[in-house]
Amino acid sequence: MEKLKAVFTNKWFILVISLLCSAYTICLCYFAYAVFFYNIAYIDKTKFAIIYTIISLLAGLLYFYTRRSFITCIISMVNMAVFFPTLLLDWGNWPLLVPAAMVTLFGFFCCKMNDTMKTIFGTIFLLLYILGGIAFFLVMNVFRVTTVDTLLTPRGGIISPSGNFRCYALDVQNKSSGKISVYVEPNKLDTDVLGCIRLETTIKKLVKQANKENKDDALRYDIHWDGDLLFINGEEYFAEPDFLTETDDGEMTYNFTDDVWTHTYFDFDYPIFELIDMITKIVSEKLLSNDDAETDPVNAAETLVSAVSE
């Protein structure tokens, strides 16, 4: 018994165990990446909640056991920062957020860090969460165009015969007359994790968008695949070969070099960002291309003022 106690109280053994705590940090990083680039859909929500809760409890025990290790202190600080994007981008997904929040807070408060340093870092993280949350709320609810999107095609989209792509149509209701948007997504980039959650890709391409005069316009959209071509109302709008590349092994991989593909959670219309892009384009086209403006500061200022006023 004394030998076992000596092992568990050995500082080198505790140091090794504290390194294992980084596995939970990797898990938090993985979900932070997932909520930014994927849509998390549940295959079995109860199973995920049970598995993730058990993993979190084990991680909490390791944090408590190694709370005096400086590595655990560093990991606890990192966890506070890494958990922040998951909290913002996946708010309301309680099976994912609650266990992670409890372990992150427990790890921070139980680690034996200098009281002054803990107070400083605690204040920094508190401001980060409060100010970051307020800024995110303003961007998402004030500067973003609010729309109500209704899926017009079956859940899961219309899959091409090859199975490489899927398409779907949205009835977008906004403050004006609204619009119908048709998107194409890769169909083979979704990932199943632990058999209970599916990471659905958010990579998509807008292939057709038109304002609608009335609600019946949605019924007049004939969307279908003909081989590797997508037709909307009899016109070709998408060709698979343009976005598939054959590797040296003879396998087909996706090619998303086209600028119109969106790759992240943020695929909304932000008027303030559109204004910045417009001003940037005006400056690059009318100011930077003007040779006289480069040598004459007065001409540069006049050109910029006239460009923005236009």
Side-chain angles (χ1 to χ4, degrees), residues 1-38 40 42-91 93-130 132-133 190-199 265:
M1 191 67 179
E2 292 296 329
K3 292 182 178 180
L4 187 62
K5 182 179 179 180
V7 171
F8 280 105
T9 55
N10 184 278
K11 64 177 182 179
W12 297 111
F13 180 79
I14 294 176
L15 182 64
V16 172
I17 297 299
S18 65
L19 292 175
L20 296 178
C21 295
S22 61
Y24 197 78
T25 302
I26 295 174
C27 181
L28 292 178
C29 291
Y30 178 79
F31 282 117
Y33 167 81
V35 297
F36 193 81
F37 291 100
Y38 293 89
I40 299 179
Y42 286 101
I43 301 174
D44 190 335
K45 182 181 288 189
T46 302
K47 179 181 177 181
F48 173 78
I50 294 174
I51 293 176
Y52 197 46
T53 300
I54 293 175
I55 293 175
S56 299
L57 288 175
L58 293 176
L61 291 176
L62 291 180
Y63 283 132
F64 181 76
Y65 173 65
T66 61
R67 63 189 181 279
R68 299 182 185 279
S69 171
F70 74 95
I71 294 180
T72 300
C73 294
I74 295 175
I75 290 175
S76 299
M77 300 300 108
V78 174
N79 288 350
M80 290 292 292
V82 170
F83 178 65
F84 181 60
T86 307
L87 180 67
L88 288 185
L89 300 181
D90 213 16
W91 178 261
N93 187 358
W94 307 123
L96 176 63
L97 295 179
V98 173
M102 294 180 64
V103 172
T104 300
L105 290 175
F106 178 77
F108 175 78
F109 286 110
C110 78
C111 68
K112 296 300 181 179
M113 183 184 293
N114 179 275
D115 290 340
T116 302
M117 293 299 297
K118 183 176 286 190
T119 301
I120 293 174
F121 279 105
T123 303
I124 292 174
F125 288 127
L126 183 63
L127 291 175
L128 171 67
Y129 276 70
I130 293 177
D190 300 338
T191 304
D192 290 352
V193 180
L194 300 176
C196 49
I197 61 174
R198 177 179 293 113
L199 303 183
Y265 173 91

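These numbers were taken from a predicted model, which means no experiment stands behind them.
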On a heavy-atom basis, the closest approach of Ile71 and Ser18 is CB-OG, 3.7 Å

- Message: So does Thr72 get a backbone contact from the side chain of Thr66, meaning a donor-acceptor N/O pair under 3.5 Å?
- Response: no

Here the pair of heavy atoms bringing Leu87 nearest to Leu97 is CA-CD2, 3.9 Å

Residues Phe106, Tyr63; criterion ring pair (Phe, Tyr, Trp, His ring centres under 6.0 Å); working and verdict: CA-CA 8 Å; Phe106 178 77; Tyr63 283 132; 7.8 Å; no

Without placing hydrogens or testing angles, list every side-chain donor-acceptor pair under 3.5 Å for residues 25-33, not counting sequence neighbours.
from: Thr25; atom 1: OG1; to: Asn79; atom 2: OD1; distance (Å): 2.6

*asked:* Looking at Phe13, is its backbone amide N or carbonyl O close enough to the side chain of Asn10 to form a donor-acceptor pair, meaning the two atoms are under 3.5 Å apart?
replied: yes

Please tell me if the side chains of Leu105 and Phe125 come closer than 4.5 Å, counting only heavy atoms from C-beta onward. no

Does any non-hydrogen side-chain atom of Arg67 lie less than 4.5 Å from one of Ser76? no

Between the CG atom in Leu199 and the CG atom in Asp192, the distance rounded to the nearest 0.5 Å is 8.0 Å

*So with a 6.0 Å cut-off around CG of Asn114, is the heavy-atom count from everything else above 12?*
yes

**Q.** Note, Met113 side chain near Phe108 side chain (heavy atom, < 4.5 Å)
**A.** no

Does a donor on one side chain and an acceptor on the other come within less than 3.5 Å for Thr104 and Tyr24? no

Contact check, side chains of Tyr42 and Pro95, non-hydrogen atoms, under 4.5 Å
yes

> If you draw a 6.0 Å radius around NZ in Lys118, do more than 12 non-hydrogen atoms from other residues or ligands fall strictly inside?
Replying inline: yes

Q) Side chains of Met80 and Phe121: does their closest heavy-atom pair fall under 4.5 Å? A) no

Paired with Pro99, the side chain to side chain contact (heavy atoms under 4.5 Å, CB included) test is passed by just one of Thr53, Ile54, Leu57, namely Thr53

In this structure, CD1 of Ile51 is separated from OG1 of Thr46 (nearest 0.5 Å) by 11.0 Å

Of all heavy-atom pairs linking Lys47 and Gly195, the shortest is NZ-O, 4.3 Å

Item checked: 4.5 Å side-chain heavy-atom contact, Phe48 and Leu96 -> yes

| field | Within 6.0 Å of CH2 in Trp91, more than 12 heavy atoms from elsewhere | value | no

Heavy-atom nearest pair, Tyr52 first then Ala100, reads OH-CB, 3.6 Å

Rounded to the nearest 0.5 Å, the CD1 atom of Ile74 sits from the OG atom of Ser22 at a distance of 11.5 Å

Closest heavy-atom pair, Ile40 versus Ala34, reported as atoms and distance to 0.1 Å, is CD1-CB, 4.5 Å

**Message:** Tell me whether Ser69 contacts the main-chain N or O of Leu15 through its side chain, where contact means a donor paired with an acceptor under 3.5 Å.
**Reply:** no

Of all heavy-atom pairs linking Leu88 and Gly133, the shortest is CD2-CA, 3.9 Å

